[in-house]
Every structure is written in C-alpha cells, then in structure tokens.
Amino acid sequence: MTASTGSRTGDYADAVPLWQQLQAVAQALADVRAGASATTALEAVPSALRPGVQALLFHVLRWLGQAEALRRKLAPRNPPPVADALLCTALALGWREADAPYEMFTLVDQAVEAAKRTPATRPQSAFINACLRRFLRERETLVEATAREPMAQWNHPRWWIDRLRQDHPRHWQEILRTNATQAPMTLRVNERKTTVGDYLARLAAQGIDALALGGQAVMLWQARPVQDVPGFADGVVSVQDAGAQLAAPLLLGELTPPQGRPLRLLDACAAPGGKTAHLLELAEAEVTALDIDPKRCERIHQNLERLQLQARVVAADARDLDQWWPVNGQRELFDGILLDAPCTASGIVRRHPDVRWLRRESDIGQLAVIQAALLSLLWPLVRPGGRLLYCTCSVFKAEGEQQIQTFLAHNTDAVLRPSPGHLIPRTARKGDAVRDNGHRDFDGFFYALLEKRAD
C-alpha cells in the first residue's frame, strides 16, 4: 500500500509506502520528546522521505496533546518510547476525521505494519494493533472523555496555557487557536529591485493568488517551494514573516546619521540574516551583523549574496565586546542597534510546532537573564540621539513588556518611543478583510524602540 492509498488530500500523497513514513515520523517524534528540535530530527530522515515526513510530523506535533490524552485512555501505563511515539502518531493523525490526512482504518493498518517492520516496536505490534482497533470502535466516546483536559483541548503543556492566561487574559484562546494553524508563506519585496504593486502584478500574470499585508510584505495564499517563487533566485523577494518585517522600518524610522555619513548599524543576533538584509534594502548603511554560530553566519552570507548586498558579518557572542568591537579599528558608537534577543520562540509556534513541547517553564527566566545582559551591554554602544530596537519572537511578557519596564527603570537616559509592544499571532483568511486594507497575518512578536537622550 502506498502513501496515497486512503488519502483525503494530495498534500501528503507520495510514492513511498505510508508505513515507512509513519515509521520515520514516530522516530522523529521520539527524538523531539528526547529533546531534539524537529529540524535536527528531520535531518536523519532520507531526503526522498523528508517532505512527506515533515508534513506528517508537524500535523502530529500540532495535535500531540490530544493524542497523548487518548493514549492514556487506551493504555494507562507508558509503552516503550518508540512504540508510544508510533501509537501517538497514528492517534494524532486520525483522531478527528475532518482533518485527518488519511482514513483512520488506513492509518491503523499502516501503523501496525510500521510496528512489525521496526525492530524496536516489533514486540509491541500486537499491543499497538489492539489499542488502535479499540480506538476505531470507541472513537467518539474516547474523544469525549478527553474533551475537558486542557492539554487535549489546546495541545500545549499545561504551564504554557496557564502562562498565556496570566499574560494575555483577553487573547490567550486566540493565541492557542492560531498556534494550531499552518503559517502562510510570506515574502518581503526588495524595493531596490521592484515595488509591491509591480510584484503583485507579476504574480497575478502567472496565476498566483497573493495579498499585500502592508510595508514590503506579500502573502501567498498557496505556499510553494522557495525555488518556485518568482524572483526569489534573483533577489527580488525573500521569505520573511510579516511580523518580523516590522523590525527594520521601526529601527530606521526618522533615524539620520550625523554629518551626512551612512548610518552605522548593528544587528546583534543576526542569523539567518533576514533583518540584516531588510535594513540594507531600506537604507544606505554600514551594517555589522553578529551571530554566535559560525554555521549560521554562513546563512547570512548566502542571503546577502543572493540579494547582492554587503555587510560586515562576524561570528561572535554579542556579550563579548572584545571579540567584535571595535569596528574598523575604532570604538565607534552606533546610530542604531537591532537586538533580536534569544527567547523561547513562543510566538512562532505555527512555524515550529515542536517548540511548545521542547520548552520548559524555567527556560523563560533563564532566557530573560540573557536578554537583560544583552540590553545592558549593548545600550552603552548607542550614540546619544541613536536608537536600540529590542525584539523577541515571544508572547510571554517576561521576555517583552516586563523586560523593558525593568530596563527603563534602571536607565534614565532611555526613552520608549512609539512601539507595537506585544503582537498577538493572527491568521488571515480569504474574505476576512478588504484586500486594500492590508489584513495582517503575522507571528507573535514583541517590539520596544528605545531612544537615547541627546542631552
């Protein structure tokens, strides 16, 4: 039986047998549960299998809370890790018929086949078969029995749900519902090469339906491989979420360099280079792009090369000033600093559904310490009258609003300029808004624009 047999949609169909894909998904899920990112787990999957496995794995991760609740009803004692992962994979994919990529009977048949063909799960194949056959018989009752469990209802850890309710009492449900959706493909138009209007016309001429989201952002209603995006290879567009695209124009704003020289800018946590490139697309500037990981710095170089832009890229820890400052032999202050600080990534769960299962509540406090240290170290490098934009892709207030309140209380030379604050992740749907109004679809972010007093 191939993956297309019993499939409700072509999105997951492939010539590879479904049992083989389920086998790979279960192993990747087991790796995520052991602490690996989904990206790392998928690197071990053969390239021919990877697209289909990634699609299935992301579906599983979005509904893992429900699947685990069902598994506990079917088998109160934890099975061995890989067997449990395979069982939860089948349950996550098939628990709700309307969203299931395959008929449940197909998933049961192929999950059992995967168990039989995997040495680690072969001894549990009869057990997996029994659990899934029972689920087929009692699906409605079992789903109803788990309906009131918060992790099953919202598919996030309980601490995450509680934290959102505390931080965003009016919007916590909207955030969790948005996290269950697939993120769109959003592009950033390079205005050095074209305009948003001209690019939309180019897409329309090729039969590609798209929506302008404001600024340089364009959303494709149907995602496609990046190599098939018109103009991508030529540097006309880049892939970047609309929320992330706010960073460069916010920092630049009315920022002007003294004595007519180019702006001197620092992107302090730059990889993979999207915000660095956006700064260079919008302004004549000398940009220093830092990242602690040399491999990720290579991504910055690749992106800049595709866009025909130049920056000083340095592999260094921004907190270790002696590694990278002075610049050009002088300890020159910056007109603007973009600090996209390390964070929990709690705002980009649509794109990285593994994040919610990898994070621990204690991570918030540990990352907040790093964020505060970066703010403290980089603020003295801003010239009087210059600006620092602090941002995180987090919806937790300890990494955003509370962090900035503490900073302002200890730095009387800092003024908070008009800033978006916490952006709640939202999803645009066709018909939701008049297209000319630029209905926003973006991930969760926090932005605070700080200006240093000139007197």
Heavy-atom distance under 4.5 Å between the side chains of [X] and [Y], does that happen here?
{"X": "L91", "Y": "L132", "answer": "yes"}
{"X": "C88", "Y": "R33", "answer": "yes"}
{"X": "C391", "Y": "L250", "answer": "no"}
{"X": "R163", "Y": "I364", "answer": "yes"}
{"X": "P342", "Y": "L374", "answer": "yes"}
{"X": "D84", "Y": "L29", "answer": "no"}
{"X": "L22", "Y": "L93", "answer": "yes"}
{"X": "L64", "Y": "R356", "answer": "no"}

Do the side chain of [X] and the main chain of [Y] share a donor and acceptor less than 3.5 angstrom apart?
{"X": "R417", "Y": "E451", "value": "no"}
{"X": "W95", "Y": "A67", "value": "no"}
{"X": "Q403", "Y": "A368", "value": "yes"}
{"X": "H410", "Y": "T406", "value": "yes"}
{"X": "R350", "Y": "G347", "value": "no"}
{"X": "K397", "Y": "D167", "value": "yes"}
{"X": "D228", "Y": "R224", "value": "no"}
{"X": "N190", "Y": "V237", "value": "no"}
{"X": "S37", "Y": "T40", "value": "yes"}
{"X": "Q27", "Y": "V82", "value": "no"}

Determine, step by step, whether L203 and V218 satisfy the side chain to side chain contact (heavy atoms under 4.5 Å, CB included) criterion, reporting the C-alpha distance in whole Å, the side-chain angles of both residues, the deciding distance to 0.1 Å, and the verdict.
-> CA-CA 10 Å; L203 294 179; V218 169; 4.1 Å; yes
How many angstroms lie between [atom1] in [X] and [atom2] in [Y], if you round to the nearest 0.5 Å?
{"X": "L367", "Y": "C343", "atom1": "CG", "atom2": "SG", "result": "7.0 Å"}
{"X": "I337", "Y": "L375", "atom1": "CD1", "atom2": "CG", "result": "10.0 Å"}
{"X": "M185", "Y": "D241", "atom1": "CE", "atom2": "CG", "result": "12.5 Å"}
{"X": "L389", "Y": "L252", "atom1": "CG", "atom2": "CG", "result": "9.5 Å"}
{"X": "Y390", "Y": "Y447", "atom1": "OH", "atom2": "OH", "result": "12.5 Å"}
{"X": "L56", "Y": "H59", "atom1": "CG", "atom2": "NE2", "result": "8.5 Å"}

Should L74 and R71 be marked as a side chain to side chain contact (heavy atoms under 4.5 Å, CB included) after you check the CA-CA gap, both sets of side-chain angles, and the distance that decides it?
-> CA-CA 5 Å; L74 294 166; R71 199 276 295 156; 5.6 Å; no
Decide side chain to side chain contact (heavy atoms under 4.5 Å, CB included) for I208 and L220; before the verdict, give the C-alpha distance in whole Å, the side-chain angles of both, and the deciding distance to 0.1 Å.
-> CA-CA 8 Å; I208 300 172; L220 303 185; 4.0 Å; yes
Salt-bridged, [X] to [Y], with N to O below 4.0 Å?
{"X": "E174", "Y": "R426", "result": "yes"}
{"X": "R319", "Y": "D317", "result": "yes"}
{"X": "R96", "Y": "D99", "result": "yes"}
{"X": "R188", "Y": "E281", "result": "yes"}
{"X": "D363", "Y": "R359", "result": "yes"}

Tell me whether the count of non-hydrogen atoms from other residues, nucleotides or ligands lying under 6.0 Å of [atom1] in [X] goes above 12.
{"X": "R158", "atom1": "CZ", "value": "no"}
{"X": "E140", "atom1": "CD", "value": "no"}
{"X": "R299", "atom1": "CZ", "value": "no"}
{"X": "E144", "atom1": "CD", "value": "no"}
{"X": "R165", "atom1": "CZ", "value": "no"}

Between the side chains of [X] and [Y], does any donor sit under 3.5 Å from an acceptor?
{"X": "Q216", "Y": "Q245", "result": "no"}
{"X": "E399", "Y": "T392", "result": "no"}
{"X": "Q110", "Y": "Y102", "result": "no"}
{"X": "R306", "Y": "S238", "result": "yes"}

Considering non-hydrogen atoms only, spot the tightest contact between [X] and [Y] and give its length.
{"X": "W379", "Y": "A414", "result": "CZ2-CB, 3.5 Å"}
{"X": "S125", "Y": "V112", "result": "O-CG1, 4.4 Å"}
{"X": "P353", "Y": "L61", "result": "CB-CB, 3.8 Å"}
{"X": "T186", "Y": "A242", "result": "CG2-N, 3.8 Å"}
{"X": "Q240", "Y": "G274", "result": "NE2-C, 3.6 Å"}
{"X": "L282", "Y": "A248", "result": "CD1-CB, 4.1 Å"}

Can you list every pair that meets ring-ring contact (aromatic ring centres under 6.0 Å, His included) and has a residue in residues 135-156, with sequence neighbours left out?
-> W154-W172, H156-W160
Please assess L408 against L450 for the test side chain to side chain contact (heavy atoms under 4.5 Å, CB included), listing each intermediate value before the final yes or no.
-> CA-CA 9 Å; L408 289 170; L450 305 168; 3.9 Å; yes
K275: which of D340, D267, D291 passes salt bridge (charged side-chain N to carboxylate O under 4.0 Å, His left out) = D340
May I have the step-by-step check of side-chain hydrogen bond (donor to acceptor under 3.5 Å, both in side chains) for S394 and S346, ending in yes or no?
-> CA-CA 5 Å; S394 174; S346 56; 2.9 Å; yes
Which one of V60, L49, L42, V45 satisfies the side-chain contact (heavy atoms from CB on, under 4.5 Å) criterion with V25?
-> V60
Residues 147-156 vs salt bridge (charged side-chain N to carboxylate O under 4.0 Å, His left out), sequence neighbours excluded, gives R72-E149
So is R351 actually on top of F58's ring, under 6.0 Å and inside 45° of the axis?
-> no
